[in-house]
2 protein chains.
Amino acid sequence: MKTRDKILLSSLELFNERGERNVTTNHIAAHLAISPGNLYYHFRNKSDIIYEIFLEYEKLVDYYLDIPEDRPLTLDDMMFYLESVFDGLWSYRFFHRDLEHLLDGDRRLRQDYREFTDRCLDAISRIFEKMAEAGIIEPQSDELRSAMSLNVWLVITNWMAFLKTAHACEESANLTLTELKQGIYQVLTLEIPYLTAAYRERVLALREKYRPQLPEAREVELPVGKTVGWNAV
Amino acid sequence: MKTRDKILLSSLELFNERGERNVTTNHIAAHLAISPGNLYYHFRNKSDIIYEIFLEYEKLVDYYLDIPEDRPLTLDDMMFYLESVFDGLWSYRFFHRDLEHLLDGDRRLRQDYREFTDRCLDAISRIFEKMAEAGIIEPQSDELRSAMSLNVWLVITNWMAFLKTAHACEESANLTLTELKQGIYQVLTLEIPYLTAAYRERVLALREKYRPQLPEAREVELPVGKTVGWNAV
DNA sequence: GTATTATTAGAGTATATACTCTAGGTAGTC
DNA sequence: GACTACCTAGAGTATATACTCTAATAATAC
């Protein structure tokens, strides 16, 4: 593999593990056992590395969210979208973590990210529209669909932050893809009231698969008698 | 005012304006025209300052979310909760911005914040419960109510980040309280399908008051023909 | 007044971070 | 073999940041 690609790969890996804020260009170089000078031969600065990684992320999500216009959507499609989006979120999880700071440091990125968000919101809205056409959910007004889509976006993009801050016990350490995908449970919660009678039971069954499990570690840690909070029933 | 209080006040102000990451203890001291030594006489370190500010924030929100158990809830109550929570969010807006990093730097804060989140989620859930008792929304299962409350929390706490990243045009600069409160529109969107016939129209009317206005600046900046994205109808 | 305590100034330090610069190596081509 | 384009090493730098230390000053107690 070319050094340039190795730098991108290692950067992504370190960013995801430790957070962009805690990874310096020197760390990246050290991790690859190359010199800082070498790294800076391939990239003008740290922002450039981040920007290139964003372009990959963007490409991936755009690919996932390409909605077929020649056929109706199925439940399988919907689950594929959800699974894919959370996979993408996982692979580039450093990105939404320090988003605000990243955008403050790079105008291009800010502009591109805004357009990216707009595209995603349009895609979510379009998915809802086609789900209504397919009889999975009741049709909604454009306005409601837009607002709903935005709520879906907020839940999706911030589920990880919630896990890391409110949920994780120690040091926000080892989060798993499985835990992340419990966000699908939350997204499907948003859809429940709009489901048609024909599909309601099937979607609820799918949703059950993502229901968060009570983490043992946490229960042990809590004082006896205390509620488990967000997960309590 | 005592120097100690002045430090807390200035820190909050600077953190809110520039983000915690961009404000050093030296900045705070300079802003107050005191010496770094003086600042460190009053606080052991930067984390201590942040922690004290968090305690204030926590106290404020706990006060707002104190739910009266001796009478039913009204629509006015609900709007008061929403307005208050967003006011609090505004006053301490630096906090949710760099939350993850702040928690990584202070164990006490991590623990306290987790308990704070749990309390807030319980409060939201309790509000839904009492709104059902008051006939404003249809009653829901415990499980659904918990999941809903969590979604409400996600929307509330991340609405500002959305505005700053996806919405703001330049440098995520001047955000106003009014814009922030458009988050109420999003929260009420979550409630719509559960509203009872008796209250539906009234809540929808309240919601309209918070509907986001198309920002002129943004439309001008966009290429002709491009959709406005999250706000498009 | 004197002793004690609380407060403040301000120079200074250890560490880190993004990034530069020069010199040299390597691979392919004619 | 020499020319060229690409790649790499590694020491070095300017700046920043959180924090310390000492000495001086103000406030208070007795």
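Proteins come first, then strands; the chains are lettered A, B, ... in the order of their sequence lines, and each starts at number 1.
Closest contact between the side chain of A:Pro36 and the listed nucleotides C:dT8, D:dA18, D:dA11 involves D:dA11.
Within the structure, a side-chain polar atom (N or O) of A:Ser35 is placed less than 4.0 Å from OP1 or OP2 of D:dA9. Phosphate contact (OP1/OP2 of C:dT17, side-chain N/O of A:Asn26, threshold under 4.0 Å): absent. A sub-4.0 Å separation between OP1 or OP2 of C:dC19 and a side-chain N or O of A:Thr25 is absent. When the side-chain nitrogen and oxygen atoms of B:Tyr41 are compared with OP1 and OP2 of C:dT8, none of them lie within a distance under 4.0 Å. Within the 4.0 Å cut-off from OP1 or OP2 of D:dT20, not a single side-chain nitrogen or oxygen of B:Tyr40 is found. OP1 or OP2 of D:dT8 has at least one side-chain nitrogen or oxygen of A:His42 nearer than 4.0 Å.
The distance between the ring centers of B:Tyr64 and B:Tyr81 does not fall below 6.0 angstrom.
Side-chain contact check for A:Ile53 versus A:Phe94: some heavy-atom pair is nearer than 4.5 Å.
Rounded to whole Å, the distance from CD1 on A:Ile7 to C1' on C:dC19 is 14 Å.
Here the rule is side chain to side chain contact (heavy atoms under 4.5 Å, CB included) with A:Ile7, and of A:Lys2, A:His42, A:His31 only A:His42 fits it.
For the pair A:Arg211 and A:Tyr185, the cation does not sit on the ring face, since its NZ or CZ is not both under 6.0 Å from the ring centre and inside 45° of the axis.
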